[in-house]
Undergrad: 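Take this structure, written in structure tokens, and hold onto it; I'll ask about it next.
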2 protein chains.
Amino acid sequence: MIPAQSTQKSFDVLRALAAHGAAGASLADIAHAVALPKPTVHRLLAAMVQQGFALRSATGRRYQLGPEIYALALKSQSTVGLVETWRGALMRVAERTGDSAFLMVRSGYDAVCLATQEGVVRVRTLTGGTGGRVPLGIGPGSLAILASMTEDESDTILAHNDRRLRMLVPDLPASLPSWVERIRIDGFAQSGGLFLAEVGGVAVPVPRHLGAPECAISTATLASRLDEDRVAEVVAILKEEIAAVLGRAVG
Amino acid sequence: MIPAQSTQKSFDVLRALAAHGAAGASLADIAHAVALPKPTVHRLLAAMVQQGFALRSATGRRYQLGPEIYALALKSQSTVGLVETWRGALMRVAERTGDSAFLMVRSGYDAVCLATQEGVVRVRTLTGGTGGRVPLGIGPGSLAILASMTEDESDTILAHNDRRLRMLVPDLPASLPSWVERIRIDGFAQSGGLFLAEVGGVAVPVPRHLGAPECAISTATLASRLDEDRVAEVVAILKEEIAAVLGRAVG
DNA sequence: AATTCCATTCCGTTATGTGGAACGATGGAC
DNA sequence: GTCCATCGTTCCACATAACGGAATGGAATT
């Protein structure tokens, strides 16, 4: 494994802070979320507060993300650029399909939602909106991202995520890798209704280009709206809009 | 000092990544910026790339901030809320004064600029725009933030930043603490033209409220536009707009 | 082809983080 | 007002995990 294990702990704490809402989280909450003893988390949080990565409430019993994260994000030109690049496509997809559209990007072993465009039809999604995350391996956007990598890469990630995925979805299909392979061939991913039965979605991977991370454009809508013909229709729209942004055909 | 020293190193690396532009930074660049040996930085970056906090170019020789930071920022409700809260005030300040207006917030030992509203007059500022940072102790916004803390706190921070401040401004006034004390009494801070001679600015601290971090609203303009009367005028406008947002008088 | 700069791996050393246990603070119930 | 449960904080002996100098491998530049 890659070294710098103590670093991981801080990162896990950051994500745990993000996962809790505006109300913030107590030390015990976070310790539980990251499965580390309280003294360890206490030490990490103290350092993070000092550096502006975390914020303590006046009472001192609640923590939340600090302004440093936001300030760094403002300087993350490549990601800001990515969002700007695709916002127009999301708007057109939402307009043309009537469903909600999402920009999903790989971040470590997760897919995160960086931008959303609500359509006429609004549903509760796996990620729960902007900034939400899903382990790579579940959800159309997430699967499309896996399909945009080499088989080696996606297999490694799926192996790494196995535990987490099974925790979320007990009856996980036996062979995700072959499912991903199928997506590579088809050129799109479709929600299997595994997680939220009423909700369905479609995603098309964005072809790798100039140092940008792996990403995909996806939609979410009511499962009942997604018969076979409609899937083909939505996929075509996604491919058109991606092609329009990249200036070349997507296939 | 607070423990978790290895955590600090990752944070320093993140800031170094942010400081470099869209072009990214090489391993050697970063190692130099954070004053750590290459193998150490290499290890940290490997972990950060794996977690999505950093991004490697296709060639593998350039690093930049990854999407994880942006995703976390989207979930930093308190900071997002802060920016939303003050954006209107910035617009009105820029409108009424004709100068540029800034929301400055404390983040660790720095003041960071979270939002900007350009006025008719545009100048180069200390922070260099949204996401920019300055050590607490220099610049009107930064000084106003110090003035909004207890004397103990501001003195501790000034002592901590002494080295960095002297590096930026060789002829730093002997007693910053008493200058800050003065700002507490006056209720506003004014740029001393220490850094950029042609540029001047004014800042008013936002009174501490409901768990929000220390912050201030500041303006920047041509030094020539800032005679004594004008300073009083701009300060009055800042106080009015802050009061309007907080729903109570400032002063 | 030679040179320089940069990234990467190795590995013995030790500084660093670790976390159980004990303590102290806080707030809610009665 | 007292008791109790929960949470946050400090301490410290211990072992792990990070460290970084030196050597190696690659890539770009002359």
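All values derive from a computational prediction rather than experimental measurement. Order of the sequence lines fixes the chain letters, A, B, ..., with proteins taken first and strands second; residue numbering starts at 1 for each chain.
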Undergrad: Hey, are the side chains of A:Ile217 and A:Met104 touching, using non-hydrogen atoms and a 4.5 Å cut-off?
TA: no
Undergrad: Just the rounded figure in Å: distance from C1' of D:dG26 to CG of B:Leu27.
TA: 14 Å
Undergrad: Could you tell me how far apart A:Asp12 (CG) and C:dT18 (P) are, to the nearest whole angstrom?
TA: 12 Å
Undergrad: Rounded to whole Å, how long is the line connecting atom CG of A:Leu44 with atom C1' of D:dT9?
TA: 15 Å
Undergrad: Just wondering, are more than 12 heavy atoms of other shown residues or ligands nearer than 6.0 Å to CZ in B:Arg182?
TA: no
Undergrad: Reading DNA chain D from 5' onward, which residue's closest nucleotide shows up sooner: A:Lys9 or A:Ala25?
TA: A:Ala25
Undergrad: Can you tell me the distance, in whole Å, between the NE2 atom of A:His42 and the P atom of C:dG20?
TA: 16 Å
Undergrad: How many whole angstroms separate atom CD1 of B:Ile30 from atom P of C:dC6?
TA: 13 Å
Undergrad: So B:Thr59, base contact, sugar-phosphate only, or nothing? Heavy-atom distance under 4.0 Å.
TA: nothing
Undergrad: Between atom CZ in B:Arg61 and atom C1' in D:dG25, what is the gap in whole Å?
TA: 12 Å
Undergrad: Below the 4.0 Å mark, does D:dA17 have OP1 or OP2 next to a side-chain nitrogen or oxygen of A:Ser6?
TA: no
Undergrad: Which part of the nucleic acid does B:Pro37 contact within heavy-atom distance under 4.0 Å: base, sugar-phosphate only, or nothing?
TA: sugar-phosphate
Undergrad: How many whole angstroms separate atom CZ of B:Arg43 from atom P of D:dG20?
TA: 8 Å
Undergrad: In this structure, how many angstroms lie between the C1' atom of C:dT26 and the CZ atom of A:Arg56, rounded?
TA: 13 Å
Undergrad: Is it true that atom CZ of B:Arg124 has more than 12 heavy atoms of other residues, nucleotides or ligands lying nearer than 6.0 Å?
TA: no
Undergrad: On DNA chain D, does the nearest nucleotide to A:Pro39 precede the nearest nucleotide to B:Leu36 from the 5' side, or the other way round? Give the residue.
TA: A:Pro39
Undergrad: Do B:Leu114 and B:Ser107 have side chains that get closer than 4.5 Å, going by heavy atoms?
TA: no
